[in-house]
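The next block holds one structure in the form of structure tokens; read it before the comments.
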Amino acid sequence: MTTVLRQRFKTSKGELKKKSKPSGWVIPRQITTFADPDRWSNIDADVTPIARRTWTSWTILGFWISDAMNAQGWQAPSSIIAVGLTWREAVYCIILGSAIDTIPLVLNGAIGAHLHVPFPVAARSSFGFYFARFAVVVRMITALFWHAIQTWTGSTAMTQCIRAIWPSYLDIPNHIPAAVGITTQQMVSHFIFWSIQFPILLTPPHKLKWFFWFKSFVVIIASVGTVIAMTMKAGGTGDIWKQEYTVNGSHRSWIIMSSMMSITGGWATMATNVADFTRYLDKPKGVYWQGLFLPLISIILGLFGIISTSSAKVVYGEYIWDPLALAAQWHGPAGRCGAFFVGFTWCVAQIGTNLSANVISASNDLTNLFPKYINIRRGVIIITVTAGWVMVPWKIVHSAESLLNFMSGLSIFLCPIAALLATDYWLVKKRNIDVPSLYRRHARYRYWHGINWRAAVAFTVSVVPNVPGLAKAVNPSVSISAGIEHVYDMNYLYGFTSAAFLYWSLSYYFPASETIIPASIYEDIMVIDGAEYKNDGIRTPQEVVEKDEKLPYTAIGQV
């Protein structure tokens, strides 16, 4: 036993010594990669190996239940009703807003399902090899902020779990200065939640399907249980159904449109980088079910929120939209038991949302920006430490309402990216992509110095008219004309359609002919020591004996 421990100590010491130099952090280069010989790549950036294509249509269902069922989805109707509309408009906006998002979700999800490449690689077909990095950075920044916000919400859920067991937990003396923006008790909750979340986030994406189903089960049970408990306490569903409009005329119409866009903007990130997840599908047809899953799940959770909030008015004398604030009202043995279960459920819910919408996506971005040193696992560590601590999420949530408005407004940058990806794949390239060229700087998708000017023009035209409206959303004192403000009220519709139409038009009249091919290319020929080998990017290259010979491949055991 002593010998084994001594050997392990020596091994660990040697590994730590290696890590003291940058060369010790280099990730092994994959022999199946399509990347240039002088460029690095790794298994998380390359075409998804067959062994990792473990997702099915049921996994996609679990994924969307996991992603859509979070505390923010429960509260979605609140902001709509708060601006003077009724529960009916909240329902319409949720259904139509999420339905609009399903268009890019399905179109861009098909890219990952058919090509089995992540979003940062797929973006090179439309943006160009180098300009695609701009789209990647925009998406990564968005994911960092949302991960910080979702993690803080999980911390408030952890508070409910702990205080349900030890009520005196809420009375912990505060020893942190008010300028920091957090109390001692909140810091403890945040640290505990982050520490529990951290190892779960390290789970490889192709192994997540059981976690998605676990989250789906507990969130559905807790949501239904909360609705039943509140309606029983209130003796009905309350009076929110009787509320009248407080706005009328054209102003009301524009508020409805703006509210719908706020729902759509909430899913703009997933509509952009959904290929990061659909790349793990075994059969591509499973991607099309997303068109049904997202609107259905969103409206169910939204209705749960409306019913519970309406009942809360009867029981507690005020509308309480936050499910965790609702659980905080429950005392006594039975109430605390319910609060613990609700708190535990939303802890799981926030971890699942961070996995499916933020951490894995941002890690894919880092992996493709720095493939020599970062894989998805290392990316997760960097992202969750940065978002959970460096970005001080408690200040983002509690003292920066304008920043939250800005985060919602980031859809004006993301929707043209989603539009360009979908338009390029379906209308311009007609689904015929040269996959090996996506990994090479000087190949088919280089365009002009690595920049597709058509995408740059379409992106600019889509974004610029929305900027004044975003500025006013962040700072209401900014004065802009009513006409340009209404463009922002329909920001996603304008941004997506204008970018798609202009990019298609420019590609039609000024085609990049070198990128148009009659059929997709999934493999190429590589030369090693003077011999030719077939390389499909996922299996061990086989030597070509004759040019026309079709040789079988031997799968490599990379999992």
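Every value quoted in this text rests on a predicted model; they were computed, and no experiment measured them.
In this structure, W389 and F191 have tilted ring planes: the angle between them lies in the 30° to 60° band. Ring geometry for F344 versus F214: interplanar angle over 60°, hence perpendicular rather than tilted (30 to 60°). Between W394 and H190, the two ring planes are perpendicular [angle over 60°; tilted spans 30° to 60°]. Ring planes of F459 and F127: perpendicular class, angle over 60° (limits at 30 and 60°).
Within the 4.5 Å cutoff, the side chain of I360 has heavy atoms near those of the L208 side chain. You'll find the side chain of V136 stays beyond 4.5 Å of the side chain of N368, heavy atoms only. The shortest side-chain heavy-atom distance between I376 and P204 does not fall under the 4.5 Å cut-off. The side-chain heavy atoms of V342 and Q160, taken from C-beta on, include no pair separated by under 4.5 Å. At a threshold of 4.5 Å between non-hydrogen side-chain atoms, the residues I196 and M158 count as touching. Side-chain contact between Y488 and I412: present, with at least one pair of heavy atoms (C-beta onward) separated by less than 4.5 Å. Contact of the V464 side chain with the T460 side chain is registered, since non-hydrogen atoms from C-beta on lie closer than 4.5 Å. Using a 4.5 Å cut-off on side-chain heavy atoms (C-beta onward), T59 and Y280 make no contact.
At least one donor-acceptor pair closer than 3.5 Å links the side chain of T184 to the backbone N or O of H175. Judged by distance alone, with hydrogens and angles left aside, the side-chain atoms of T423 form no donor-acceptor pair with the main-chain N or O of L420 at under 3.5 Å. With hydrogens and angles disregarded, no donor-acceptor distance shorter than 3.5 Å links the side chain of S310 to the backbone of I306. At least one donor-acceptor pair under 3.5 Å links the side chain of Q290 to the backbone N or O of V287. Although no hydrogens or angles enter the test, the distance criterion places no donor-acceptor pair under 3.5 Å between the side chain of S223 and the main chain of I220. Counting only distance, with no hydrogens or angles, the side chain of Q329 and the backbone of L326 share no donor-acceptor pair below 3.5 Å. With hydrogens and angles disregarded, a donor-acceptor distance shorter than 3.5 Å links the side chain of S462 to the backbone of G495. A donor-acceptor pair under 3.5 Å is absent between the side-chain atoms of D365 and the main chain of V137, judged by distance alone. A distance-only check finds a donor-acceptor pair linking the side chain of S78 to the backbone of Q75 [under 3.5 Å]. Judged purely by atom type and a 3.5 angstrom limit, N70 has no side-chain atom pairing as donor or acceptor with the backbone of T353.
Tested against W64 for a ring-ring contact (aromatic ring centres under 6.0 Å, His included), the candidates W267, F293, W289 yield a single pass: W267. Each of T156, T159, I182 was evaluated against S189; a single residue qualifies, T159, per the side chain to side chain contact (heavy atoms under 4.5 Å, CB included) test.
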task: Go through the steps to decide whether F193 and W152 satisfy the test ring-ring contact (aromatic ring centres under 6.0 Å, His included), and finish with yes or no.
output: CA-CA 9 Å; F193 176 77; W152 179 251; over 10 Å; no
- Please report the C-alpha distance between W194 and F198 in whole Å, then the side-chain angles of each, then the deciding distance to 0.1 Å, and finally whether the ring-ring contact (aromatic ring centres under 6.0 Å, His included) criterion is met. CA-CA 6 Å; W194 185 89; F198 180 69; 5.2 Å; yes
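The two residues S361 and N273 have their closest heavy-atom pair at OG-ND2, 2.6 Å. The heavy-atom pair separating N354 from Q150 by the smallest distance is OD1-CB, 3.3 Å. Shown here for A268 and S411, the closest heavy-atom pair between the two residues is CB-CB, 3.7 Å. Scanning both residues, A387 and H147, for their nearest heavy atoms gives CB-CD2, 3.3 Å. Of all heavy-atom pairs spanning I256 and C93, the tightest one is O-SG, 3.6 Å. Closest approach of T309 to I320, counting heavy atoms only: OG1-O, 3.2 Å.
When the shell of 6.0 Å around NZ of K233 is examined, it contains 12 or fewer heavy atoms from other residues, nucleotides or ligands. More than 12 heavy-atom neighbours from other residues, nucleotides or ligands sit within 6.0 angstrom of CH2 on W241. Other residues, nucleotides and ligands contribute at most 12 non-hydrogen atoms within 6.0 Å of the CZ atom of R377. Enclosure of atom OH in Y316 by more than 12 non-hydrogen atoms of other residues, nucleotides or ligands within 6.0 angstrom is indicated.
When only modelled atom types and interatomic distance are considered, T142 and W146 share no side-chain donor-acceptor pair under 3.5 Å. Residues W87 and Q243 bring no donor and acceptor atom of their side chains to less than 3.5 Å of each other. Side chains of T48 and R279: a donor-acceptor N/O pair is present below 3.5 angstrom, by distance only.
Electrostatic pairing of R52 and D44 counts as a salt bridge here, judged by a charged N lying under 4.0 Å from a carboxylate O.
Rounding to the nearest 0.5 angstrom, the gap separating the OG1 atom in T246 from the CZ atom in R252 is 10.5 Å.
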